[in-house]
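Have a look at the structure below, then the notes.
The sequence lines fix the lettering, A, B, ..., with proteins before strands; numbering per chain opens at 1. As a basis for the values below, the full set of heavy atoms in this structure was taken, side chains included, without hydrogen atoms, waters or symmetry mates. Computed from a predicted structure; not experimentally measured.
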Amino acid sequence: MESKRLMIVESSTKIKTLTRFLPADIVVKACFGHVSDLPKRELGIDIGKQFKPHWRELQEKKGTIEQLRRACEASTTVILATDPDLEGEAIAWHLIRVLKLAKERVVRVAFCSVTEAEVLRALSCPRKVDRNLVDAQIARRIVDRLVGYRVSPILWRHLKSGLSAGRVQSAALRLLVEREREIEGFRPEKSWQLTASFEDGKISGTYQNAFATRDEAREALEGMKDHEYIISHIDRTVEHTSAPPPLRTATLQQEAGSRFGMSPKVTMTLAQGLYEDGHITYHRTDSVDMSPEAMQGLRTYISGTYGEKYLADQQRSFRQAPGAQMAHECIRPTSWTRTGIPGGAQRLYDLIWTRAVASQMARAAYDVCKLQVPYRDSHFLSSARSVEFDGFLRASGHGGDLHGSGTMAMLANLKCGQRLTLHEGTAREQLTSPPPHYSESGLVKELERCGLGRPSTYATIVTTLQDRRYCESVAPSKVKQRLEVMHLREGEITLGKREQEAPNVRGRLTVTEIGQDVYSYLDKHFGCITDIAFTRDLELELDRIAAGSVKWMDIVKKFHDEFGPTVDTLMKTKALEKRIPRAIREVRRIGRHPDTGQMIETCKARYGPVVKMGDGYKTVFAKIDAASMDSLDLNTAVTMLNRKMH
DNA sequence: CAGTGAGCGAGCTTCCGCTTGACTT
C-alpha cells in the first residue's frame with residue numbers, strides 16, 4: 001500500500017499555495033484555528049485539583065473535526081503544520097487529543113512563510129509537539145479564564161448584570177480612564193507668541209521666546225517698530241528621512257484610521273477580503289520582516305521601475321515591535337505589480353503596497369535652510385525645506401515638491417549680515433491643549449505598546465469595550481476658543497480676535513459613567529487586574545514555562561492568588577447597589593431634569609409603570625400609576641424623582 | 001379587606017486568542 005501524508009494547517013488559504021510545491025503524497029487540510037477550548041457556560045477549571053482544565057471540542061468545529069478524522073484515516077502520517085507560535089503549538093496538541101492520533105504517526109513542523117524554500121526547510125527538520133510551549137499557552141488560557149469568569153460575576157452582583165472584567169479589557173479600560181482624568185485635570189496655559197514677516201511678507205519667522213502676559217507681548221511688539229533686522233546666521237544643510245517599516249496589524253489599523261477614518265474593525269474586514277483574494281499576505285501579524293524571496297523580488301522591482309538610485313543601498317531590516325512573536329511576515333502585497341481592487345479596499349491595498357515598496361527604497365533628501373534674525377535677547381527663526389531627492393516618497397506617487405520650496409528660493413538668495421525690512425509683526429495669544437481622547441486605532445497603538453492583546457484581537461477589544469458601554473465613540477464637542485491677537489502694521493498696533501477650533505476629529509473614545517464605575521470598583525478591589533504589569537509579568541512567566549524551568553500550575557496559582565481570595569470574600573458580601581428592573585418597555589421621554597440635565601422618561605418596568613431618570617445602574621426610579629404613563633408632566637416627575645434621590 | 005411592597009428564587013450574563021463563513025440587519 002502506498003503511504004500518504006496529511007498536513008494540517010490553520011488557515012485554508014495556505015492550502016492552494018502549499019499544493020503548488022509539496023510532494024504529491026501530501027494532502028493538506030485546514031483546522032481553522034482552535035478545535036477545543038474550555039466550556040463556554042462554566043468556569044471549566046478545578047481550582048482545588050491543581051487547576052485541572054476541562055477541554056471540550058468546539059461545537060461549531062464538529063464538521064471540520066469530522067473531515068479531519070476521515071483524512072487521518074486515509075493517511076499514514078500526520079504533519080501538524082499549525083502556526084509557529086504558542087497558540088499554534090497548543091492547537092497541534094489539541095489536534096492530537098481530538099483526533100486520537102498515536103505518537104508514532106505524528107510530526108510537528110513549523111514554517112514562518114508559505115514559500116517553497118521555507119516549507120521544505122521545515123519539512124526537513126520535523127520534531128515532536130513541544131509540551132513546554134503547550135503548557136505556556138495553557139497557563140495563559142487558564143489565567144485569562146480565571147480572571148474573566150471569576151471577577152465578572154462579582155460585577156454582576158455588586159454593580160449590574162452583564163458586565164465583564166478581563167486581563168486585557170480591564171487594563172484597556174484603565175488606559176481610557178487615565179486619559180479621561182488627564183483631560184479633566186488639564187488646566188490650559190496661556191502664552192503669547194511673536195512672529196514677524198519681512199520683505200513684503202515673503203519671509204516669515206517665529207520668535208524663539210514666548211511671553212507670559214499680554215503686556216509683555218505688547219511691549220515686545222511695540223519695540224519691533226524701531227529695530228534693525230539683520231541676518232546673523234544662515235544654515236544650509238541636507239536632511240535625510242528614511243522610509244518607515246512595512247505594515248503589521250497594529251500599524252495598518254493606525255494608518256487606515258488616521259488617513260481614511262476607518263475603524264480597526266472595518267480595516268480588518270477589508271484586509272480579510274484582500275487576503276482571501278490573494279492580494280496581500282496574512283493580515284494578522286506582529287512582524288515587520290519580509291520573506292527573502294519577496295525581498296529579492298521587491299528590490300528587483302524597485303531598480304527596474306524607478307532606477308538603481310531609488311533602491312536602498314543595503315537590504316533594510318527593521319526593529320520588531322516589543323514582544324513580537326513573528327509567526328508570520330509583514331503585511332505586503334503578494335505581487336509587486338500594483339493591481340486594481342474591486343470593491344472598497346483599493347485605498348487600503350494602496351497603503352499596504354506603498355509602505356511595503358517604500359521600505360526597501362532609498363531615503364529621501366531635503367534641502368533645509370534656516371536663518372536667524374536677532375531681536376533683543378533672542379531671535380526670529382525662519383526655515384524652509386524642499387525635496388532634493390524624493391527617494392522612497394516616489395512610491396506614494398506624490399513625493400515631489402513639498403510646501404516651502406518658494407520660500408526656499410527666497411531664503412537661499414539671502415546673505416549673512418543682510419538687512420531685512422519688517423513687513424508685519426504679530427503677537428498671538430496661545431493656549432496649550434489637553435491630550436486628546438484616544439481614537440479607536442490610537443487605543444490599539446497604545447495596547448500594542450503595552451503588550452496587551454494580539455493582532456487577532458485588537459479590533460475586538462475595542463468593540464467589546466463599546467458593547468459593554470464602558471466607552472463610546474463620539475465626535476468631541478467642538479469648543480471654540482476666542483483668542484486675542486495683536487498686529488503691528490506700518491507702525492500701528494491693532495487689536496483683534498481669532499477663533500481657534502478644536503481639530504476636526506471623528507470617533508474619539510469617551511469613558512461613560514458605567515465605565516468609570518466599573519474601573520473604580522475594579523481598581524479598589526482588583527488593582528492587579530487593571531494593571532498592565534499583570535500582563536507583563538504573565539508574559540515573563542510564560543517564557544519560563546516555555547523554557548521548561550517552571551511548572552504551569554505553579555504560575556497559574558501565583559496569579560490566581562492575586563485575586564482569588566478577594567473573589568471569595570466579595571462573593572459572600574451583600575450586593576452593594578440597587579439593581580434595576582429589567583424588561584423596560586414603552587419608553588416615553590418627558591424632558592430633562594433642570595439641575596442634572598439627565599433625561600426623564602416614563603416606561604413599563606417589570607413591577608409596573610415607573611418614571612425614571614438617567615441610564616445605567618445608577619438610574620433613579622419612582623413608581624407611578626398606569627394613568628400617569630401618558631399624562632405625567634415634567635414638574636411632578638422632577639418632584640417625585642428628587643424625593644427618591646435621597 | 002384589599003392593595004401594596006418587600007423578599008425570595010430561578011435563570012441569564014462573563015474571559016482571550018486562533019480561524020472563517022453562516023447567519024441577520
Side-chain angles (χ1 to χ4, degrees), chain A residues 8-15 29-45 53 58 60-61 63-65 82-95 136-157 159-172 249 268-269 272-273 275-276 282-286 325 327-328 447 451-461 464-465 467-470 518 522 529 534-535 538-539 542 559-560 563 567 574-575 578-579 581-583 606-608 621 623 625:
Chain A
I8 303 179
V9 294
E10 287 183 50
S11 152
S12 54
T13 46
K14 286 181 180 174
I15 297 177
K29 296 264 179 207
C31 66
F32 304 105
H34 279 288
V35 289
S36 42
D37 191 16
L38 298 167
K40 216 167 146 43
R41 288 281 151 80
E42 45 184 303
L43 185 63
I45 297 161
L58 285 168
E60 62 269 29
K61 289 293 172 60
T64 309
I65 292 171
T82 46
D83 291 352
D85 54 18
L86 286 193
E87 297 297 324
E89 204 70 17
I91 291 172
W93 181 77
H94 280 291
L95 280 168
Q137 194 275 348
I138 290 176
R140 199 277 305 154
R141 180 69 190 96
I142 293 182
V143 168
D144 282 340
R145 171 53 69 98
L146 288 170
V147 173
Y149 274 42
R150 296 211 72 209
V151 178
S152 298
I154 303 276
L155 295 177
W156 306 341
R157 195 180 163 82
L159 293 181
K160 188 172 120 80
S161 188
L163 299 175
S164 65
R167 171 177 61 85
V168 171
Q169 59 167 277
S170 299
T249 303
M268 290 310 272
T269 309
Q272 177 86 28
Y275 168 65
E276 282 171 8
Y282 196 53
H283 56 296
R284 293 188 273 257
T285 175
D286 53 21
Q325 299 184 8
H328 309 273
L447 289 174
L452 293 167
R454 301 280 311 136
S456 67
T457 58
Y458 291 140
T460 48
I461 294 165
T464 300
L465 289 168
D467 287 348
R468 300 274 170 277
R469 302 289 145 103
Y470 292 169
V518 166
L522 290 175
I529 306 296
F534 190 88
T535 292
L538 181 62
E539 294 282 352
L542 295 187
F559 282 92
H560 185 250
F563 59 90
V567 170
K574 262 181 87 175
K578 195 165 54 176
R579 301 169 69 149
R582 287 173 303 133
R606 194 160 64 133
Y607 299 115
F621 284 90
K623 300 205 171 189
D625 51 69

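- Taking only side-chain atoms of A:S164, from C-beta outward, the nucleotide of B:dT19, B:dT14, B:dC18 with the closest atom is B:dT14.
- Using a 4.0 Å heavy-atom distance criterion, A:G88 is classed as making no nucleic acid contact.
- In summary, A:D37 and A:K61 do not engage in a salt bridge, as defined by a charged side-chain N under 4.0 Å from a carboxylate O.
- Using a 4.0 Å heavy-atom distance criterion, A:Y458 is classed as making no nucleic acid contact.
- OP1 or OP2 of B:dT14 has not a single side-chain nitrogen or oxygen of A:R157 nearer than 4.0 Å.
- Residue side chain A:S12 does not reach the base of B:dT20 through any donor-acceptor N/O pair under 3.5 Å, judged by distance alone.
- Residue A:K29 places its NZ atom among 12 or fewer non-hydrogen atoms of other residues, nucleotides or ligands, all under 6.0 Å distant.
- Atoms CD1 (A:I91) and C1' (B:dT20) sit 13 Å apart, rounded to a whole Å.
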I'd like to know whether A:E87 forms a salt bridge (charged side-chain N to carboxylate O under 4.0 Å, His left out) with A:R140, so could you lay out the CA-CA distance, the side-chain angles of the two residues, the decisive distance to 0.1 Å, and finally the verdict.
CA-CA 10 Å; A:E87 297 297 324; A:R140 199 277 305 154; 2.9 Å; yes
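- Of the candidates B:dC16, B:dT14, B:dT19, B:dT14 carries the atom nearest the A:P153 side chain, counting heavy atoms from C-beta on.
- Look at A:S456 and you won't find any side-chain N or O under 4.0 angstrom from OP1 or OP2 of B:dG17.
- Taking only side-chain nitrogens and oxygens, A:R150 never comes nearer than 4.0 Å to OP1 or OP2 of B:dT14.
- A:D85 comes within 4.0 angstrom of nothing in the nucleic acid, heavy atoms only.
- Side chain of A:S152, nearest nucleotide from B:dT19, B:dT14, B:dC12: B:dT14.
- With hydrogens and angles left out, the side chain of A:R141 and the base of B:dC15 share a donor-acceptor pair within 3.5 Å.
- Across all strands, A:R145 comes closer than 4.0 Å to base atoms (heavy-atom distances).
- Separating the CZ atom of A:F563 from the P atom of B:dC15 is a distance of 14 Å, rounded to the nearest angstrom.
- Put simply, A:T457 has no side-chain N or O that comes within less than 4.0 Å of OP1 or OP2 on B:dC18.
- By the stacking rule of 5.5 Å between ring centres and under 30° between planes, A:Y149 stacks on the base of B:dT14.
- As judged by a 4.0 angstrom heavy-atom cut-off over every strand, A:G166 is placed among residues touching the sugar-phosphate backbone only.
- Toward the 5' end of DNA chain B, the nearer of the two residues A:K61 and A:A165, judged by each one's closest nucleotide, is A:A165.
- At a threshold of 4.0 angstrom between heavy atoms, the contacts of A:V168 are confined to the sugar-phosphate backbone, with no base atom among them.
- Comparing A:L163 and A:H34 against DNA chain B, the residue whose closest nucleotide sits nearer the 5' end is A:L163.
- Residue A:R41 has no polar side-chain atom (N or O) positioned under 4.0 Å from OP1 or OP2 of B:dC12.
- Taking 4.0 angstrom as the limit, A:Q169 places a side-chain polar atom (N or O) nearer than this to OP1 or OP2 of B:dC16.
- The CZ atom of A:R167 sits 19 Å away from the P atom of B:dT14 (whole-angstrom rounding).
- The nearest whole Å value for the distance from the CD1 atom in A:I529 to the P atom in B:dT14 is 18 Å.
- A:S456 and A:R284 form no side-chain donor-acceptor contact under 3.5 Å, judged by distance and modelled atom types alone.
- A:I65 has its CD1 atom 13 Å from the C1' atom of B:dT19, to the nearest Å.
- A donor and an acceptor atom, one from each side chain of A:S11 and A:Y275, are located under 3.5 Å apart.
- Rounded to whole Å, the distance from NZ on A:K160 to C1' on B:dC12 is 13 Å.
- Contact of A:R140 with B:dC16 (side chain to base): a donor-acceptor pair of N or O atoms is detected under 3.5 Å.
- An aromatic stacking contact links A:W156 with the base of B:dT13, defined here by ring centres under 5.5 Å apart and ring planes under 30° from parallel.
- Side-chain contact annotation: A:T13 with A:E276, donor-acceptor N/O pair under 3.5 Å absent.
- For B:dT14, one of the phosphate oxygens OP1 or OP2 lies less than 4.0 angstrom from a side-chain nitrogen or oxygen of A:R468.
- At whole-Å resolution of the value, CD in A:E60 and C1' in B:dG21 are 12 Å apart.
- Residues A:V147 and A:D144 form no side-chain contact, since every pair of their non-hydrogen atoms from C-beta on lies 4.5 Å or further apart.
- When the P atom of B:dG17 is taken as reference, atom NE2 of A:H328 falls 14 Å away, rounded to whole Å.
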